[in-house]
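Scroll down for the structure; my scribbles are underneath it.
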Amino acid sequence: MARDLLPLGLDDEARLRVSHGPEHAAAGVPAVVWSMRHSLSRMGPVRTARLLARVNQKSGFDCPGCAWPDPEHRHAAEFCENGAKAVAEEGTTRRADAAFFARHSVADLSAQTDHWLGRQGRLTEPMLLADGATHYEPIGWDDAFGIIVEELNALGSPDEANFYTSGRTSNEAAFAYQLLVRAFGTNNLPDCSNMCHESSGSALTETIGIGKGSVSLEDLHAAELILVVGQNPGTNHPRMLSALEEAKRRGAVIVSVNPLPEAGLMRFKNPQRPRGVLGHGTALTDRFLQIRVNGDLALFKAVNRRLIELDRAHPGSVVDHAFVERHCTGFDALAADLAQLDPADVDAATGLPREQIDALADLIASKRRIVACWAMGLTQHRNSVATIREIVNTLLLRGSIGKPGAGVCPVRGHSNVQGDRTMGIYEKPQPAFLDALRDTFGFEPPREHGHDVVDAIRAMRDGRAHVFVAMGGNFLAAAPDTAATAAALQRQRLTVQVSTKLNRSHLVTGRRALILPALGRTERDVQASGEQVVSVEDSMSVVHASRGRLAPASPQLRSETAIVCGLARRLLGDRHAIPWQAFEDDYALLRDQIAATIPGFEQFNARLAQPDGFVLPHPPRDELRFETPSGRAHLTANSLAVLRVPEGRLLLQTLRSHDQYNTTVYGLNDRYRGIRSGRRVVLVHAEDLAALGVADGAIVDVVSEWEDGVERRVERFRAVAYPTARGCAAAYYPETNPLVPLDSQAERSGTPTSKSVVVRLEEPHA
Ligand SMILES: Nc1nc2c(c(=O)[nH]1)N[C@H]1C(S)=C(S)[C@@H](COP(=O)(O)OP(=O)(O)OC[C@H]3O[C@@H](n4cnc5c(=O)[nH]c(N)nc54)[C@H](O)[C@@H]3O)O[C@H]1N2
Ligand SMILES: Nc1nc2c(c(=O)[nH]1)N[C@H]1C(S)=C(S)[C@@H](COP(=O)(O)OP(=O)(O)OC[C@H]3O[C@@H](n4cnc5c(=O)[nH]c(N)nc54)[C@H](O)[C@@H]3O)O[C@H]1N2
Ligand SMILES: [Mo]
């Protein structure tokens with residue numbers, strides 16, 4: 001079944017090429033050439049030049065690629081190879097219009113790869129897949145809203161609908177959307193964060209009282225030691241490499257902790273500097289700890305234990321006692337817990353030599369300004385929240401938070417995923433936020449917590465939810481356990497996708513399905529009061545404006561904000577005194593309401609007009625204030641349960657290639673890892689392959705084993721010998737999502753464990 005649903009790249013098997021393993025350096029001339037080639041093929045020369053000149057400039061639009069912040073002194077080209085691809089993807093001149101849908105039935109489209117679907121261009125008008133129909137057909141906006149209203153009003157309770165959000169949605173659209181959903185009567189607002197940095201949010205809220213990173217770009221530049229843990233910035237946050245390079249130039253030591261030697265982190269050629277383009281590049285990583293997948297909790301526990309031991313030998317030499325006494329709780333419990341740590345568990349979990357761990361602790365003990373950066377390599381495991389809390393312990397012990405050059409840096413994914421949360425896209429809203437909504441808009445918002453992504457899938461699967469609305473994203477392909485997610489969506493009475501491009505979620509639908517085509521970030525947004533700007537928040541809590549410049553891909557597109565307001569008028573009428581029409585006509589009015597409701601947004605419109613925007617408050621960073629119940633930062637004792645992989649099995653992580661944006665596959669090459677013309681590969685250490693009796697290059701099925709006894713399988717992957725940590729494997733998302741069991745979630749945050757899947761390799765059935 002999974003194979004039929006996600007036939008991604010099945011035809012590539014014969015064309016796949018594997019070279020010598022990881023590249024030795026990232027970016028440089030090839031990156032510039034690749035991004036230009038990609039853009040030119042989608043947009044042609046004039047459009048390419050016009051568009052790329054506007055990315056991340058003060059008068060331009062925010063790059064839809066990632067959430068990395070913009071430096072104060074911007075280069076003429078403040079974007080990266082992959083940002084350029086994201087822009088080209090949206091700026092493409094191809095169109096998936098009504099004629100396209102008339103030519104292709106849903107069954108035909110389902111037989112295509114995701115790579116092919118993404119290449120069909122921009123969606124141009126609302127489309128309906130009627131009950132029992134074989135093809136999508138055009139429908140007017142009013143009629144489309146009418147269908148949604150009819151289905152929503154037929155529900156037994158508002159909690160029988162789910163409203164998903166991906167992370168590209170602007171602050172204005174996100175605020176309006178959550179307002180609509182809560183005014184309708186539910187907190188069922190699952191979002192991509194649930195699959196992404198939820199573990200970071202949970203761990204940071206518990207320990208330092210706010211779920212966001214505490215550093216600025218300047219802090220990164222000024223750090224003495226930067227830990228890059230479970231992150232591949234060369235591909236996913238390429239502009240971060242410039243910041244690391246700058247920090248290095250000023251003397252910082254960079255440590256990377258990763259099962260894979262990622263090219264960009266090891267060595268970087270800055271395409272924005274002549275010597276970067278021409279020279280050998282900067283060796284970025286000073287120390288590389290090739291950890292086993294899921295070994296990080298053990299690593300940081302071992303590090304913290306040694307920090308405390310070193311301090312016991314010379315009191316005050318390592319632990320910042322003044323900081324700990326003044327600002328933290330939990331030191332004694334932490335010390336007692338770490339004293340129990342079994343070194344054999346650390347060996348088993350990390351696979352690292354003890355000297356290497358000790359050396360890392362010694363390095364941390366010798367530096368005062370430490371920044372810890374991380375991404376999905378830490379957040380998508382069962383013990384993710386514990387792992388991140390343990391890293392917070394490291395920083396707190398060294399007093400390395402809330403001062404220049406130091407702090408926590410969870411590097412976000414989608415360009416406005418952090419802002420969407422700030423705007424209230426959250427299934428577990430704070431009471432204070434709901435109170436503010438009530439006071440501003442005069443209705444009583446629902447108080448009961450709603451569904452996160454996994455709960456939403458369960459509710460749809462079990463017949464407790466019947467309508468699914470997605471504000472962007474590609475739920476079917478991004479969510480875990482593809483077969484379960486597909487079955488859940490197919491049980492819906494109505495599925496609605498607000499989208500820019502065709503994707504798998506348009507093909508695996510409820511009884512009826514709607515596609516509502518939206519303006520992208522790059523496009524001019526004109527409403528009754530004139531041209532609109534929107535705002536976004538980056539990974540470092542900077543809020544700034546984004547203004548699209550291109551003519552819309554089709555005159556029938558509507559902005560996300562206009563879609564939300566239009567639907568709200570039809571659904572709620574004058575049920576609440578919310579001026580939806582005025583919001584749609586002038587987003588500045590919406591911003592006035594955001595200012596009235598959300599702390600930190602006072603004078604929103606005036607401050608948004610500043611060229612660099614403004615920084616949201618962050619109590620630990622700004623004033624060493626911790627808004628936890630105790631008013632202090634929490635040192636936490638995190639128990640270690642080593643994930644034991646049975647004999648003959650591997651621990652699989654599912655990750656991104658260099659040529660994709662999440663579920664959008666730009667191309668079939670992973671240049672930095674030496675994989676070309678195909679994606680169905682599973683990377684395994686040569687000696688593990690030998691021990692398993694699988695030849696390098698052999699075709700295998702990958703089968704995941706989980707406690708529910710269900711075997712989840714993806715077929716015909718090529719086994720590739722690759723220098724990953726022993727006992728581990730890596731393969732691309734979303735092709736491997738069918739392997740991630742729905743119920744395998746991170747403790748406390750509920751994030752699917754897409755970075756620790758126990759698998760075996762099997763010879764394919766005939
Ligand atoms: N070009 C491009 N940019 C993107 C995206 C994209 O798809 N394409 N996606 C965006 C989004 S939404 C996000 S969330 C970010 C994702 O950014 P990343 O988190 O960098 O993305 P992944 O490819 O999932 O890479 C995970 C990294 O963690 C490592 N890793 C895996 N398991 C472990 C582990 O147990 N321990 C440690 N220490 N390391 C581990 C992997 O080897 C890999 O280097 O990027 C954003 N930016
Ligand atoms: N196995 C595994 N699964 C994972 C992950 C993993 O590492 N491994 N990573 C997880 C992570 S970190 C994330 S963030 C999620 C991502 O999950 P999603 O955010 O749901 O997925 P995307 O692929 O980013 O969504 C792409 C689609 O968004 C639409 N789109 C693009 N731009 C816009 C826009 O401006 N407006 C609107 N309305 N639509 C737009 C297009 O139609 C496009 O097809 O996946 C998660 N799933
Ligand atoms: Mo993400």
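Both counts, for ligands and for their atoms, begin at 1 and track the order of listing.
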Identify the residue among L189, V536, T169 that makes a side-chain contact (heavy atoms from CB on, under 4.5 Å) with D420. T169

Which residue supplies the protein heavy atom nearest to atom 45 (O) of ligand 1, what is that atom called, and how far is it? N236 CB, 3.3 Å

Give the residue, atom name and distance (to 0.1 Å) of the protein heavy atom nearest atom 37 (C) of ligand 2. E560 OE2, 3.0 Å

By number and element, which atoms of ligand 1 are closer than 4.0 Å to a non-hydrogen atom of H414? 12 (S)

Contact between ligand 2 and K755 is defined here as a heavy atom of the residue under 4.0 Å from a ligand atom; is it met? yes

M376 neighbourhood, listing ligand 1 atoms whose heavy-atom distance to it stays under 4.0 Å: 14 (S), 16 (C), 19 (O), 24 (O)

Considering S415, A86, P752, G472, which one's heavy-atom position lies nearest to atom 39 (N) of ligand 2? G472

Among V496, V453, V469, V498, which residue meets the side-chain contact (heavy atoms from CB on, under 4.5 Å) test with Y164? V453

among protein heavy atoms, the one nearest atom 42 (O) of ligand 2 is K501 O, 2.9 Å

For atom 43 (C) of ligand 2, which protein heavy atom lies nearest, and how many Å away is it? N503 ND2, 3.7 Å

Short list, please: which atoms of ligand 1 are under 4.0 Å from a heavy atom of N294? 34 (C), 35 (O)

Can an N or O of V498 be found at a distance shorter than 3.5 Å from an N or O of ligand 2? yes

Logged contact type for R656 with ligand 1, heavy-atom cut-off 4.0 Å, is both

NZ/NE/NH1/NH2 to OD/OE distance under 4.0 Å, R673 and E262: yes

Which bit of C196 gets closer than 4.0 Å to ligand 1, counting heavy atoms only: side chain, backbone, both or neither? side chain

Should you measure from each heavy atom of H237, which atoms of ligand 1 turn up under 4.0 Å away? 15 (C), 17 (O), 45 (O), 46 (C)

Are T387 and V229 packed together at the side-chain level, in the sense that at least one heavy-atom pair is separated by less than 4.5 angstrom? no

Does some non-hydrogen atom of K85 fall short of 4.0 Å from ligand 1? no

Note: ligand 2 atoms sitting under 4.0 Å from heavy atoms of S166 are 18 (P), 19 (O)

At their closest point, which heavy atom of L739 faces which heavy atom of V702, and how far apart are they? CD2-O, 3.4 Å

Using the test ring pair (Phe, Tyr, Trp, His ring centres under 6.0 Å), find all partners of W141 that sit at least two apart in sequence or belong to another chain. F145

How close does the nearest protein non-hydrogen atom get to atom 4 (C) of ligand 2, and which residue and atom is it? Y733 CE1, 3.1 Å

Check H197 against ligand 1 and report side chain, backbone, both or neither, counting heavy atoms closer than 4.0 Å. neither

With a cut-off of 4.0 Å, which atoms of ligand 1 are near a heavy atom of I291? 38 (N)

Just checking Y661 against H414, ring centres under 6.0 Å apart? yes

Nearest-contact summary for atom 17 (O) of ligand 2 - protein heavy atom, Å: A478 CB, 3.2 Å

Can you report which non-hydrogen protein atom sits closest to atom 30 (N) of ligand 2, along with the distance? T500 OG1, 3.2 Å

R382 versus T753, closest heavy-atom pair with distance: N-CG2, 3.5 Å

